[in-house]
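In the text below, chain A, chain B and the rest are named by the order of the sequence lines, each starting its count at 1.
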Amino acid sequence: MLSEFDKPYNPKEHEDKIYKLWEESGFFNPDNLPNKKGEHFTIALPPPNVTGSLHMGHALNATIQDILIRKKRMESYQTLWLPGTDHAGIATQNVVERDLKKQGISRHDLGREKFLEKVWEWKEKYGDIILDQLKKMGASCDWSRTRFTMDTEYQEAVKIAFLHYQKKGWIYQGERVISWCARCRTSLSDLELEYQEEKGKLWFIKYPLAEAPTQGRSDDFVVVATTRPETMLGDSAVAVNPKDKRYKNLIGKKIILPIKNHEIPIVSDRRIEMDFGTGAVKITPAHDMLDEQIAITHKLPAIQIINEKGRMTKEAGEDFDGLKILEAREKVVKKLEELGLIEKIEDYTHNIAKCYRCGTTVEPLRSKQWFLKMSELAQLAMRDVKNKKVKFHPKKWEKIYLKWLSGVKDWCISRQIWWGHKIPIDGVDDVLDTWFSSALWPFATLGWPRAKSKGSDLEKYYPTQVLSTARDIINLWVARMVFSGVEFLGVSPFSDVIIHATILAKDGRRMSKSLGTGVNPMDLINKYGADATRFGLIWQAMGGQDIHWSEEHVVAGKKFCNKIWNAARFVLKQCQPSLKSDFGSQKKSDFFPGGKTSADKKILAQLKKTQKQVDKLIDKYEFGQALHILYDFFWHDFCDVYLEESKKNPNPEVLARVLKESLKLLHPFMPFITEHIWSKLPGVKNLLIIEEWAL
RNA sequence: GCGCCCAUAGCUCAGUGGUAGAGCGUUUGCAUGACACGCAAAAGGCCUGAGGUUCGAUCCCUCAUGGGCGCACCA
């Protein structure tokens with residue numbers, strides 16, 4: 001029996017087999033669990049994008065959720081971890097478009113129907129890769145309930161949600177300046193922008209006064225500063241602060257817009273900063289959000305000079321029609337120079353908004369879009385956090401959440417792409433923002449709106465208990481799930497939000513593929529095994545603090561696996577000859593089985609203390625702390641001290657007891673090796689995955 | 001610009017109002033009857049700087065410096 005117990009533990013030989021054993025047992029599905037407490041414990045897996053492959057953040061998050069799920073399952077909760085994937089509108093469409101481009105085909109060549117067929121094909125082929133990777137991590141999700149945000153039932157849920165909002169009068173169409181990605185050809189919400197610092201220039205342009213008080217002197221001009229000279233072609237005013245003494249007597253006068261050579265007014269507005277640039281600002285209502293606001297106040301016309309393809313329009317003037325933005329910029333600057341209207345050019349570093357999916361510079365454009373009124377929904381989302389129905393761990397993230405909600409603008413929910421949920425209004429071709437459907441995840445996956453009856457999944461598993469996710473989607477996703485849950489079901493979709501650490505490269509910067517600082521969890525699994533990888537992740541996950549990734553801890557995890565393995569070999573060897581200790585027969589009441597010597601008593605007391613601490617720490621989501629304590633107990637107290645003692649005077653019953661209880665405690669963290677060793681214990685009948693947790 | 005977080009051993013990080021710990025690394029022994037992915041020892045830190053509270057601070061407060069992050073963007 002010990003023959004397959006080779007000296008070093010080799011995870012590759014066991015992990016796939018063990019995972020299969022679990023899947024075949026059916027215990028990932030809460031309906032099949034033998035000991036049911038009657039209480040439910042649900043986690044909805046944050047659905048990874050179908051385009052994605054597992055990164056370190058996913059791996060950490062999956063481990064955290066799996067620890068909670070496995071512990072609760074062992075505590076006899078009816079435990080559901082519901083997995084699935086997100087259709088990830090823009091991201092997926094981009095990937096498929098890129099694929100087609102290799103064959104020289106654009107989505108427009110195919111047309112909407114054909115293109116969507118291609119996307120579905122792609123999804124069927126690659127969409128489950130990330131879920132398979134989660135299996136490699138040991139994630140004990142109920143795969144029989146796997147959902148996709150474009151499932152037929154899910155589409156129905158999205159439609160019902162939209163119509164509900166519409167009925168309430170919260171959906172409206174508006175024409176306003178929004179962020180536009182000319183590459184993706186769609187609008188983007190504020191949260192879908194990423195700002196990048198760029199070195200640019202600040203052009204100081206002289207706008208001549210219509211009625212020059214003096215001829216040829218410097219005060220015949222108003223100088224405006226801009227980073228985007230080409231937008232002057234769409235100017236409809238120059239604005240100054242009413243308190244600005246320099247311009248006081250110019251307010252209300254006319255000024256000539258160069259190149260276009262027509263008069264525009266000088267207006268005053270408090271929103272103009274006096275200290276920046278020259279204090280005089282060119283107003284381009286169709287291509288800047290603040291300018292648009294100012295234009296509304298002063299009833300200025302909005303002239304669209306850039307179209308949705310990122311090209312200049314006819315409105316920009318004959319010379320510019322059809323030019324790309326940067327070409328137009330060059331040409332405008334050249335003309336102004338010829339006219340002697342450039343006062344100076346300064347270097348200027350500023351943040352530029354980029355599309356979070358493709359990195360293209362975002363263009364503020366006036367466009368007709370659909371909006372969801374946020375005022376009341378934001379109140380709901382804030383209420384449940386303020387009254388502690390939803391708690392963040394660590395708590396500091398509540399601030400971020402509340403702050404965003406308190407100033408939130410109406411949500412632009414329409415996107416001009418093809419892959420997604422079509423807006424359910426006849427004659428509208430736009431699709432909904434991906435996050436509109438993600439917001440329904442915790443209940444749309446459980447059958448809402450259809451199944452509300454007794455015994456339905458929705459009734460049993462909603463609300464879920466824990467949401468574990470990354471901090472960058474607190475507003476994008478968490479807030480929207482909270483108000484959706486409250487709006488549609490009257491209860492927040494979860495009570496505890498774990499914001500896990502962000503895994504950074506060793507230098508403290510984000511992992512980057514191009515810099516070669518990225519780490520692939522699958523490589524770690526291949527090299528060290530899934531248990532060691534999980535160990536390495538959790539070992540470093542202390543208090544939600546960002547992790548400067550270092551692989552040594554995975555190495556430590558591998559060594560720890562080996563230690564557990566060899567300790568088990570020793571214990572089995574000690575227990576084998578006497579066969580007195582039947583590992584399967586011990587009852588709760590036998591907690592101090594034959595604890596005669598002081599060493600026996602000591603290790604049993606240490607075990608009990610460790611059990612209590614680990615139990616409490618997991619419940620407090622202090623996974624790193626829990627693992628450190630467990631490690632310390634098992635390696636030092638048990639192996640270094642007690643096992644050594646046992647060589648002189650072995651007590652098989654105590655050895656068996658401590659090993660057994662340790663395996664249980666370790667199982668949520670390192671499920672494979674613990675399950676495997678468990679299966680080797682004589683007299684053991686059940687899988688460890690459903691063994692009773694604590695004493 | 002506003003806000004948040006971090007600064008402890010060579011590296012990655014724990015920790016406590018009474019003068020510090022882990023993992024990895026390093027040094028020295030040891031093939032001891034589970035494990036060399038090991039065992040036994042050891043070296044290594046005025047706990048970023050300056051003030052303050054306190055009998056006493058690495059831990060509490062203030063400021064500074066360095067690093068990270070979030071929000072808002074100023075044309």
Check your understanding: Quick one: are the ring centres of A/Phe276 and A/Tyr348 less than 6.0 Å apart?
Key -> yes
Using the 3.5 Å cut-off, write out each protein N or O paired with an N or O of nucleotides 38-41 of chain B and the distance between them.
from, atom 1, to, atom 2, distance (Å)
B/G38, O3', A/Lys563, NZ, 3.0
B/C39, OP1, A/Lys563, NZ, 2.8
B/C39, OP1, A/Trp635, NE1, 2.6
B/C39, OP1, A/Asp640, OD1, 3.2

| Just checking, any donor-acceptor pair under 3.5 angstrom between side chains of A/Lys201 and A/Thr227? | no
Taking every heavy atom of A/Met56 against every heavy atom of A/Asn520, the minimum-distance pair comes out as SD-C, 4.5 Å
Distance-only donor-acceptor test, A/Lys558 side-chain atoms vs B/C37 base atoms, 3.5 Å: yes
Taking a pair to mean Watson-Crick or G-U wobble geometry with both distances below 3.5 Å, B/A43 pairs with none
Separation of B/G3 atom C1' from A/Lys395 atom NZ, nearest Å, is 16 Å
Inset, instruction - Examine B/G15: is either OP1 or OP2 under 4.0 Å from a nitrogen or oxygen in the side chain of A/Gln625? Give yes or no. - result: yes
Q: Establish, yes or no, whether a centroid distance under 6.0 Å links the rings of A/Trp678 and A/His667.
A: no
Quick note, A/Tyr631 side chain, CB onward, closest among B/C5, B/A34, B/G23 is B/G23
The answer to which of A/Glu552 and A/Leu643 contacts RNA chain B further toward the 5' end, by nearest nucleotide, is A/Glu552
5' to 3', nucleotides 67-75 of chain B under a 4.0 Å protein heavy-atom cut-off (B base, S sugar-phosphate only, - none) gives -SSSSBBBB
A/Tyr9 OH to B/C37 P, in whole Å, measures 17 Å
Checking N1-N3 plus N6-O4 or O6-N4 for Watson-Crick, or N1-O2 and O6-N3 for wobble, each under 3.5 Å, the partner of B/C73 is none
Kindly say whether the aromatic ring centers of A/His287 and A/Trp180 come within a distance under 6.0 Å.
no
When all nucleic acid strands are considered with a 4.0 Å heavy-atom cut-off, which category describes A/His636: base, sugar-phosphate, or nothing? sugar-phosphate
(Q) Using a heavy-atom cut-off of 4.0 Å across all strands, would you classify A/Trp549 as base, sugar-phosphate, or nothing? (A) nothing
